[in-house]
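Report on the following structure.
Here the structure is a predicted model, which is why all the values come from computation and not from measurement. Residues take their numbers from the sequence shown, with the count starting at 1.
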Amino acid sequence: MKKLLTCLMILIAAVTVCAKNPQAKTSCGIIEGREVSGIKVFKGIPFAQPPTGELRWRAPQPVKAWTGVRKAYEYGPNPMQQPVFGDMNFGTKTMSEDCLYLNVWTPAKTMDEKLPVLIYFNGGGLIAGSGSEPRYAGMSMARKGIITVTANYREGIFGFFAHPELSAETGYKGSGNYGFLDQVAAVRWVKENIAAFGGDPARITVAGESAGSMSVSALMASPLCKELFARAIGSSGSILRNAKLPSLKEAERKGQEKAEALGCKSLKELRDMPAEELMNKAAEAGLPGYNIDGYFLTEQPADTYAAGRQCKVPLLVGGNSYEMPASFILQGKPATVENALAGLKAAFGNDAGKVLQLYGITTDADVAGSAGIQLASDMFIGFSTWKWGHMHAKTGGSPVYRYNYCHPRPAMRIKGKTAGLAGGVIDSKDGAAEEPAAPGAVHSADIEYAMGTLPTNRVYDWQPEDFVMSDVFSGYYANFIKTGNPNGLGLTEWLPINGNGAAMTLRLDIDSEMLDDVKTEQRYEALDGLMTE
């Protein structure tokens, strides 16, 4: 009898615990998450079928319904990727081609509040990264009254591979942009299901940093995204670069060359190759081959924005003050005017000298100094970021808020390490001198500040001013996500560039200020003319 009573008590306790776990009814079935200090967290929710086997290199397919309650306690697997950006920090150690999962943090109490929603896409050059990275986690934003979503998408050769045989399979006769199509599928899933988590499908903001930011600019240019989201945030990067995107035919030709290099004579052989083997054999530096596939993108994005055919939503966009060191344009050579000139000739030909003049670079000291840093940062990603905001302000019919983030990260807490490009750390070379403090905000340094996730990164020795900076930056983010306007009490007034002067930029730092930087605006416009000739 005593045993029976004990078993009953254990059973009742288990049922009570389960009853406390939050549940949401999605279009495919019921999911169960966890509640953490008032925030309901659902991880590893499938938003498309696993893109494996015959679904490798196909547009994401709708999730098949399930019966019963699906546990959403853990992150889904990270996308297939090599460790190309040092020590990226993930919320799961699992990596798989079956990676199309998203995560939801909601502060809703009744699940009927109609709260604003943020969907954040990770950076990583479209070849690395994951929605499981702690720096993107939505706990802090949820405590500001915002439902936050992170979503994986296929990367590298799994997400961006065009081939004539793949194009022949589709109704639109195109291929190659599967990672972008995954992002569209994730936004659509959120649009259709977020009400079940207490969200408002009419108040969705899409955001991202670096490749995630570039993705947001591409989503805005895609005809597939009309009416899918209400606002957009981009941090460091856009698809509006100086070079035109490859045509479908060009991308297919490169795909054929890649297949030959892999030793595959047919699409079946490519699909039969194990994921890890394919990943390792296909690995290469540089951006994957997204293209004008006739479906996700039907024309050059620059033409879309010039004609005002992009999604006409409010945009908050900007970059960091130290995106790249001068070495980016020097190709490993010493910092001299001659070497800088040689490094620019590939992009500008005989106009390389004019570019140096635009940045006031006349001496070797200029190359190594702030002017060289600004030029390298612009060549890397700064120009494309400016171009996006500039064009959308002209034709988008919506406010554009532009910023320049300048607050540098503090020193590292650990020795023998150095910063990696995408926010991770790598081992310092033996005997190497300790790196000097960065003169500004390096690429990706803004993420934890904007998302309010500084405590998730234990690499840096965060100081009180860093938490103040995060409070300011995340406050602007939260206000914009809620209303389409970043302004609010306790924050420096942020003027949009539309109607207030195209040069208006918020310099984000401990002491933030609005700048009417006409000289910088004129330099970008002149650079734009040289890049598009």
Pair Arg56 + Glu97, salt bridge at N-O below 4.0 Å: yes
Report yes if some heavy atom in the side chain of Ser217 is under 4.5 Å from a heavy atom in the side chain of Leu240; otherwise report no. no
Checking Ile147, Asp200, Thr26 against Ile194 for side chain to side chain contact (heavy atoms under 4.5 Å, CB included), the one that qualifies is Ile147
List the steps and the verdict of side-chain contact (heavy atoms from CB on, under 4.5 Å) for Leu219 and Gln183. CA-CA 8 Å; Leu219 292 171; Gln183 294 171 359; 4.0 Å; yes
Would you mind checking if Arg70 and Glu32 are paired as a salt bridge, meaning a charged N to carboxylate O distance below 4.0 Å? no
Mind listing the closest non-hydrogen atom pair of Pro60 and Ala185 along with its distance? CG-CB, 3.7 Å
Is it the case that Gln256 and His163 place a side-chain donor and acceptor less than 3.5 Å from each other? no
Charged N to carboxylate O under 4.0 angstrom, Glu227 versus Lys191? no
Can you name the one residue among Asp378, Ile373, Ile381 that meets side chain to side chain contact (heavy atoms under 4.5 Å, CB included) with Glu323? Ile381
Compare every heavy atom of Ala232 with every heavy atom of Met220, then report the nearest pair and how far apart it is. SD-CB, 3.7 Å
Testing the 3.5 Å rule here: is there a donor-acceptor pair between the side chains of Tyr101 and Ser96? no
Looking at Lys254 and Glu250, does any basic side-chain N land under 4.0 Å from a carboxylate oxygen? no
